[in-house]
Structures are given as structure tokens and as C-alpha cells.
Trainee: 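Below is a structure I'd like to ask you about.
FYI, side chains are in, hydrogens and waters are out, and symmetry mates aren't considered; it's all heavy atoms of this structure. Note that the structure is predicted; figures quoted are calculated from it, not measured.
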Amino acid sequence: MDNTNPKTKTVEVRLAALTRVEYTERVEVPADITAAELEQLVQERYDAVDGGLYTDDPDYWEQGNCYATDAEGGDEKADVIVRRSRGALVIEKLAEKED
């Protein structure tokens, strides 16, 4: 490892992921229903269906707002250490936190 700048600081990296819950129901409608009526029906059903009926969709995963900020106070140990080696950042994972 290149230790030309051994000074370090601690930052908090906050990662967010957006997942989805969904609900499906079969609805019998008039054969001549219009696209606008279907859109209205969908919105009405969305407003009326209890959120407890939704189930997790494990296949949907989207990156949310991820960012890093300087860590404030506290003597907590870092979960991960990042070093610079030959001009590149190298991530070293530490042992898992004890509960």
C-alpha cells in the first residue's frame, strides 16, 4: 500500500434502494371501455385498495439517492476502510459489527 498520505477521516456513506410492492386483481369491465375510462378505473382502484393487500416484488430494485457526508462525532469504528494504492482507492471490508 502507498502510505504517502496516512491522514484519514471518517465519512458516512448512505445507500438507498427503491423497491416495489404491488397488488393485482382481475376486473370484469364492459367490452367497449375506453382507454380514458380504464385509466380512471385504475386510479379509483389505487385509491380504494388497502395498502396491506400489496406484496413485495423481489425482482424490482432501483438505486435511490446515495451519498456520503462527513461523519459527526462518536467513537464508532468504521465498517469499511478505504486506502489509496497506486493512485486508486482500494476498499477493505472489516469484520461484521457485533450486535
Side-chain angles (χ1 to χ4, degrees):
M1 294 264 166
D2 177 10
N3 288 323
T4 57
N5 186 6
K7 291 184 180 180
T8 63
K9 69 177 184 176
T10 303
V11 298
E12 291 182 349
V13 174
R14 301 206 179 239
L15 305 178
L18 306 174
T19 60
R20 174 172 59 195
V21 292
E22 61 185 1
Y23 169 78
T24 302
E25 64 184 5
R26 294 173 69 94
V27 180
E28 189 170 322
V29 298
D32 62 349
I33 193 167
T34 67
E37 290 172 319
L38 273 175
E39 287 181 30
Q40 181 181 351
L41 171 66
V42 168
Q43 188 59 51
E44 288 176 10
R45 294 306 300 141
Y46 180 82
D47 293 341
V49 172
D50 181 88
L53 296 175
Y54 285 70
T55 58
D56 290 325
D57 177 358
D59 297 322
Y60 182 87
W61 188 270
E62 183 177 309
Q63 182 174 329
N65 183 25
C66 300
Y67 60 94
T69 59
D70 286 344
E72 294 190 22
D75 294 327
E76 292 184 41
K77 285 186 148 185
D79 303 306
V80 176
I81 293 178
V82 175
R83 306 264 189 241
R84 190 176 308 280
S85 177
R86 297 186 181 112
L89 296 178
V90 177
I91 298 171
E92 299 176 1
K93 293 187 180 185
L94 299 182
E96 291 192 23
K97 283 185 172 181
E98 295 178 16
D99 290 328

Trainee: Any chain of hydrophobic side-chain contacts (each under 4.5 Å) joining V49 to V21?
Mentor: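 Linked, V49 and V21 end up in one cluster.
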
Trainee: Run Y67 and L15 through side chain to side chain contact (heavy atoms under 4.5 Å, CB included) and show every step you take.
Mentor: CA-CA 7 Å; Y67 60 94; L15 305 178; over 6 Å; no

Trainee: Are E44 and Q40 linked by a side-chain donor-acceptor pair shorter than 3.5 Å?
Mentor: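 Q40 and E44 do have a side-chain donor-acceptor pair below 3.5 Å.
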
Trainee: Under 3.5 Å, side chain of D56 to main-chain N/O of P58, donor-acceptor pair present?
Mentor: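 Pair absent, no side-chain N/O of D56 close to backbone of P58.
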
Trainee: Can you tell me how far CZ of R20 sits from CG of D59, rounded to the nearest 0.5 angstrom?
Mentor: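 Answer for the CG-CZ pair, D59 versus R20, is 8.5 Å.
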
Trainee: In sequence, state the C-alpha distance, the side-chain angles, and the governing distance for V80 and E92, and then conclude on side chain to side chain contact (heavy atoms under 4.5 Å, CB included).
Mentor: CA-CA 6 Å; V80 176; E92 299 176 1; 5.8 Å; no

Trainee: About how many Å separate CG of L18 and CD of Q63, when rounded to the nearest 0.5 Å?
Mentor: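 Separation between the atoms: 9.0 Å.
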
Trainee: Any idea how Y54 and Y46 line up, ring-wise: parallel (<30°), tilted (30 to 60°), or perpendicular (>60°)?
Mentor: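 If you compare the ring of Y54 with that of Y46, the planes turn out perpendicular.
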
Trainee: For D70, what residues pass the salt bridge (charged side-chain N to carboxylate O under 4.0 Å, His left out) criterion, not counting sequence neighbours?
Mentor: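 Only K9 meet the salt bridge (charged side-chain N to carboxylate O under 4.0 Å, His left out) criterion with D70.
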
Trainee: For R14, is there an ion pair with E12 - N to carboxylate O distance below 4.0 angstrom?
Mentor: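 Salt bridge present between E12 and R14.
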
Trainee: Working to the nearest 0.5 angstrom, can you tell me the gap between L89 CG and R84 CZ?
Mentor: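 Taking CG in L89 and CZ in R84, the distance rounds to 5.0 Å.
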
Trainee: Rest of the hydrophobic cluster containing L41 (Ile/Leu/Val/Met/Phe/Trp/Tyr, side-chain heavy atoms under 4.5 Å)?
Mentor: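 For the cluster that includes L41, the remaining residues are V27, V29, I33, L38.
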
Trainee: What's the shortest heavy-atom distance between C66 and A16, and which atoms?
Mentor: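 So the minimum-distance heavy-atom pair works out to SG-N, 3.5 Å.
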
Trainee: If you measure from CH2 on W61 to OG1 on T19, what distance do you get to the nearest 0.5 Å?
Mentor: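 That separation rounds to 6.5 Å.
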
